[in-house]
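From a predicted model like this one, the values you see are computed outputs, not experimental measurements. Starting from 1, each residue takes its place in the sequence as its number. Each ligand, and each atom within it, is numbered from 1 in the order the structure gives.
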Amino acid sequence: MWFQSILLSSLFMMGDRVRTQIPVYVFAPNPILSSGSIYVESIRDNGDDMSEELRSEMMQVEIDVVIEDDAVYLSDSILHLVNLSSPNEGVDGFQRGNIRADRSLSSFESVNCIYHIRRFQSYLRSLGFGHLIKPIRIDPKALGGSDHSRYNSAKDPPTIEFGVGGVDDAEDAQVVIHEYMHAMLNEALAADRKNSAAISFEEAVCDHFCLRYSEEITGKTDDRVFSWDGHNEFWDGYTVRWHDLEIADPTCDETCQREKWLFLLRKLEGNLPSDLLDRSLLIFFSSQSIGTSHEQIAKQFAAHIESGLQLVLRPILIQHGFLKPETEGQIRKLYANGDVLHLKDLELFEAADLLHINGSPIQRLELDGSPFLPLPIDKTGHYLLRLTNETQFPKKEEWYYLIVF
Ligand SMILES: [Zn+2]
């Protein structure tokens, strides 16, 4: 093994430039999630200071670098670390001794964001979307003292600036992945989509990918988006949460719309393999321009998911206030008086899945050719019914609203 690495290193020697790997320390994805903690005194930002608790949450990883004249460069042909806005500090080309397990060193934000973006790029390549990875300039310490970050597609190459207010944004991998996901979606989508509904939808998709990335590292789910940079004394962050408002309701503000979409995406993850949903979201952005209202986006998204993944989404979207009830006409209704459904067509199917209106299953019922189906329901109300015949070719599947009165 050792001779192989010497051979590889020598292959990449260019004058006195050497491409190699070095050990560095990062948060993975941030100290709140890795420790399973909430924002307490010992995990405070505290002006970039170290604490024993923060040190114990640092993880050693290997990172690709170029060493030239004793300076360590983290940039590569795609990710260019540059100073775009204040603080006007060096963001690349650090002395070797300046890359240690210490977040108070000026190199830390650069190391942390480059590591996580490269790791996330591997995931995007594994999904088949490596073509979206294009050169980008990144300032890990930017935007003065403000506590936000921004992606800018108008620059060439595009830029990401991570603010240093509150918890430095580049230290929380959830912020890093969220911002980088904007760059990916911008590459994916050919048409302009800068209307408020499309922006809220895009924000939710970026939140979804940052939560997916966090879960992949920790093996646990957590509903907090930006769980270290936000959810603290500086800023509330976002949360996967249900808002009991239609998305077109004027009182459903930007946070409500974004969190509703995020709630829906996370809910879909329960019904689909995660990588299938992620791939489907990227194809959705690649294949069409996004509508100008939440309802248009919801219709396009439902059509895309339903045709690609054989998952009936429309009833769930109506129930959650993404589509107006008139869309309900597209799904047939059945009425059951009491606990028995009478339907002549039942003889065409071999099984019936009874679901709550939010899509969660109640019971699978085998059909015996009788037009009467006893329903294991003790409450009147709205349900979903999925009738299937898998022995038939092609397989037969029909969805109904079931109204029990
Ligand atoms: Zn964003």
**Q.** Sub-6.0 Å ring centroid separation between Phe94 and Phe108
**A.** no
Q: State whether His178 contributes an N/O/S atom found under 2.8 Å from the Zn ion (ligand 1).
A: yes
Q. Does Glu203 bring an N, O or S atom to within less than 2.8 Å of the Zn ion (ligand 1)?
A. yes
(Q) Tell me whether Asp70 at atom CG has more than 12 heavy atoms from other residues, nucleotides or ligands lying less than 6.0 Å away. (A) no
Q.
With disulfide (SG to SG under 2.5 Å) as the rule and sequence neighbours excluded, what pairs involving residues 252-285 come up?
A. Cys252-Cys256
Q) Which residues pass the side-chain contact (heavy atoms from CB on, under 4.5 Å) test with Ala197, sequence neighbours left out? A) Asn195, His294, Ile297
Q. For the Zn ion (ligand 1), which N, O or S atom of His182 is at the shortest distance?
A. NE2
